[in-house]
Amino acid sequence: EVQLVESGGGLVQAGGSLRLSCAASTFSFGDYTIAWFRQAPGKERERVSCITSGDGITYYADYVKGRFTISSDNAKNTVYLQMNSLKPEDTAVYYCAATRWGFYGSTCPAKFYFGSWGQGTQVTVSS
């Protein structure tokens, strides 16, 4: 099992930016698909973005396309989520997760396939 540790959350005004980090403890980082999910109070945990560590294929949910960018630094076993033009509706606890399942075409694996999860980091966007 991969151990994941998120960091970088905080409070920001609408229109601002944050960068989240997800550090993974594994010797085979390149074999994993890493994803960011988020969960707002009273809502289901939803998939935000994914990346295959080996070849850098990415996926974005429609509601973050053009605003968020996912990237991977394989030398540091770390995945980043750069979040720009933040909106109050982006407020949530953000979790990173890992799976050995790859993309199916251009589709990131569903939440069910992610077996390793971080503890989450709070992102709050004020209006």
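Since this is a predicted model, take the numbers as computed values, not measurements. No hydrogens, no waters, no symmetry mates; every other heavy atom, side chains included, goes into these values.
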Closest non-hydrogen atoms of Arg38 and Glu89, given as atom of the first, atom of the second and distance, are NH2-O, 4.1 Å
All heavy atoms of Leu18 vs all of Leu86, minimum pair found to be N-CD1, 3.9 Å
Is there side-chain contact between Ile34 and Ser72, with at least one heavy-atom pair below 4.5 Å? no
Co-membership, hydrophobic cluster, residues Val93 and Tyr63, 4.5 Å side-chain:
no
Determine whether Leu20 and Met83 make a side-chain contact, defined as any pair of heavy atoms from C-beta on separated by less than 4.5 Å.
yes
Q.
I'd like to know if the side chain of Gln119 and the backbone of Val5 have a donor-acceptor N/O pair within less than 3.5 Å.
A. no
| query | Can any side-chain N or O of Tyr80 pair as donor or acceptor with the backbone N or O of Thr69 at less than 3.5 Å? | reply | no
In short, Ala92 meets Ala40 closest at the heavy-atom pair CB-N, 3.8 Å
Quick note, side-chain hydrogen bond (donor to acceptor under 3.5 Å, both in side chains) partners involving residues 48-58, not counting sequence neighbours, are Thr52-Asp55
Residues passing the side-chain hydrogen bond (donor to acceptor under 3.5 Å, both in side chains) test with Lys65, sequence neighbours excluded, are Asp62
For residues 10-26, the side-chain hydrogen bond (donor to acceptor under 3.5 Å, both in side chains) pairs (sequence neighbours left out) are Ser17-Asn84, Thr26-Ser28
Taken to the nearest 0.5 Å, the spacing of Ile57 CD1 from Thr107 OG1 works out to 11.0 Å
Rounded to the nearest 0.5 Å, the CD1 atom of Ile70 sits from the SG atom of Cys96 at a distance of 9.5 Å
Verify the cluster assignment for Tyr59 and Phe68: are they in a single hydrophobic cluster under the rule of side-chain heavy atoms below 4.5 Å apart? no
Applying salt bridge (charged side-chain N to carboxylate O under 4.0 Å, His left out) to Arg67 and not counting sequence neighbours gives Asp90
Treating Arg47 as the side-chain partner and Cys108 as the backbone partner, does any N or O pair qualify as donor plus acceptor under 3.5 Å? yes
Rounded to the nearest 0.5 Å, the CG atom of Leu81 sits from the OH atom of Tyr60 at a distance of 7.5 Å
OG1 of Thr121 to CH2 of Trp36, rounded to nearest 0.5 Å, is 7.5 Å
What one should report as the nearest heavy-atom pair of Val123 and Gly9 is CG2-CA, 4.2 Å
Hits for side-chain hydrogen bond (donor to acceptor under 3.5 Å, both in side chains) against Gln122, two or more places apart or cross-chain, chain-then-number order -> Thr124
| query | Hey, does Tyr95 have a side-chain heavy atom less than 4.5 Å from the side chain of Leu4? | reply | no
So ring-ring contact (aromatic ring centres under 6.0 Å, His included) across residues 98-125, not counting sequence neighbours, yields Phe37-Phe114, Phe37-Trp117, Trp101-Tyr113
